[in-house]
Number of protein chains: 2
Amino acid sequence: MITMQVEIGCVKAATDVIGDKWTPQLLRFFLSSEVVRFCQLQELVGGINPRTLSARLLALEDKGIIRKLHSQTSSRCEYELTPKGKSLMPIIRDMEAWSSQYA
Amino acid sequence: MITMQVEIGCVKAATDVIGDKWTPQLLRFFLSSEVVRFCQLQELVGGINPRTLSARLLALEDKGIIRKLHSQTSSRCEYELTPKGKSLMPIIRDMEAWSSQYA
DNA sequence: CCGTATCCAGTTTGATACTG
DNA sequence: CAGTATCAAACTGGATACGG
């Protein structure tokens with residue numbers, strides 16, 4: 001017999017994805033741009049360590065939130081949201097709305 | 001002349017409030033109950049350390065998200081959302097919806 | 001019941017420098 | 001440009017025990 005413990009109504013999956021420091025701020029840039037580059041994020045999210053940024057992008061890739069695009073013409077790497085990532089945007093948008101209200 | 005640097009569209013205020021580990025899960029219980037007790041949260045959010053729980057509740061109080069109610073009849077402490085806290089609920093609801101979709 | 005106090009191990013992060 | 005390497009500091013978390 002298999003016992004399953006299901007926690008009904010849970011935010012865990014979401015926190016696993018956007019719960020890390022910097023991650024919501026990183027995802028926010030996808031609200032205004034389809035495609036984002038490493039160095040853009042580095043500038044825009046003031047002072048994030050490249051190591052940390054790299055770790056966050058990798059984690060988001062692993063979780064199927066973003067996809068890495070290798071451009072053949074240059075060394076530029078670009079990232080874009082997957083459908084799963086796009087489905088996350090309402091949360092980010094809410095956070096932005098709330099922040100503007102209580103800044 | 002006053003120079004202001006405004007970061008347009010920012011999620012920082014929200015992450016300052018719900019960005020800590022456990023916090024979204026704690027806030028979630030206010031979706032179903034007006035009032036929540038310390039020991040309830042301790043049970044429901046599996047295995048959170050009382051020190052951490054205490055720290056989170058204090059932080060949420062400081063930020064004006066929850067209010068502590070001292071019950072006269074017993075040693076029980078209860079917490080309830082402030083209006084500011086209630087305004088946060090759409091984010092939590094979104095996170096819950098997303099989580100149920102991608103559990 | 002509701003916390004606070006200690007102790008301590010593990011994780012995360014920033015600063016900085018460096019490579020393909 | 002897009003990362004990786006290293007080091008040390010800071011933060012955080014769990015276990016446990018104790019006090020109001």
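This one's a predicted model, so the numbers in the text were calculated from it and none came from an experiment. First the proteins, then the strands, lettered A, B, ... as listed; each starts at 1. Just so you know, these numbers use all the heavy atoms, side chains as well, and skip hydrogens, waters and symmetry mates.
In this structure, the CD atom of B:E43 is 11 Å from the C1' atom of C:dC1, given to the nearest Å. Summarising the geometry, the separation between CH2 on A:W22 and P on C:dT13 is reported as 9 Å, rounded to the nearest angstrom. Rounded to whole Å, the distance from CD on B:Q42 to P on C:dC1 is 9 Å. Rounded to whole angstrom, the span from the NZ atom of B:K68 across to the P atom of C:dC1 amounts to 16 Å. Rounded to an integer number of Å, the gap from A:K21 NZ to C:dT11 C1' is 13 Å. Rounded to a whole Å, the CG atom of A:L57 is 14 Å from the C1' atom of D:dT4. Look at CZ on A:F38: it is 14 Å from C1' on C:dT19, rounded to the nearest Å. Straight-line distance from the OH atom of A:Y79 to the P atom of D:dA2: 8 Å, rounded to whole Å.
Between A:D20 and B:N49, the one whose closest nucleotide on DNA chain C sits nearer the 5' end is B:N49.
Checking D:dT6, D:dG3, C:dG3 against every side-chain atom of B:C77, the shortest atom distance belongs to C:dG3. When the nucleotides C:dG3, D:dA2, D:dG14 are ranked by their closest atom to the side chain of B:R51, D:dG14 comes out on top. Side-chain proximity of B:C39 to D:dG3, C:dC1, C:dT13: nearest is C:dC1.
Across all strands shown, B:R37 has heavy atoms under 4.0 Å from sugar-phosphate atoms exclusively, and none from any base.
Put simply, the side chain of A:T82 never gets that close to the backbone of A:R67: no donor and acceptor are under 3.5 Å apart. The closest donor-acceptor contact from the side chain of B:S54 to the backbone of B:P50 lies at 3.5 Å or more, if one exists at all. Although no hydrogens or angles enter the test, the distance criterion places no donor-acceptor pair under 3.5 Å between the side chain of B:K68 and the main chain of B:L57.
Follow the hydrophobic side-chain contacts under 4.5 Å out from A:V35 and you never reach A:L60; the two are in separate clusters.
OP1 and OP2 of D:dA2 both lie 4.0 Å or more from every side-chain N or O belonging to A:S54. One finds a side-chain N or O of A:R56 lying less than 4.0 angstrom from the OP1 or OP2 phosphate oxygen of C:dT13.
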Could you please spell out the steps behind the side-chain contact (heavy atoms from CB on, under 4.5 Å) verdict for A:I18 and A:I65? CA-CA 10 Å; A:I18 63 165; A:I65 306 299; over 6 Å; no
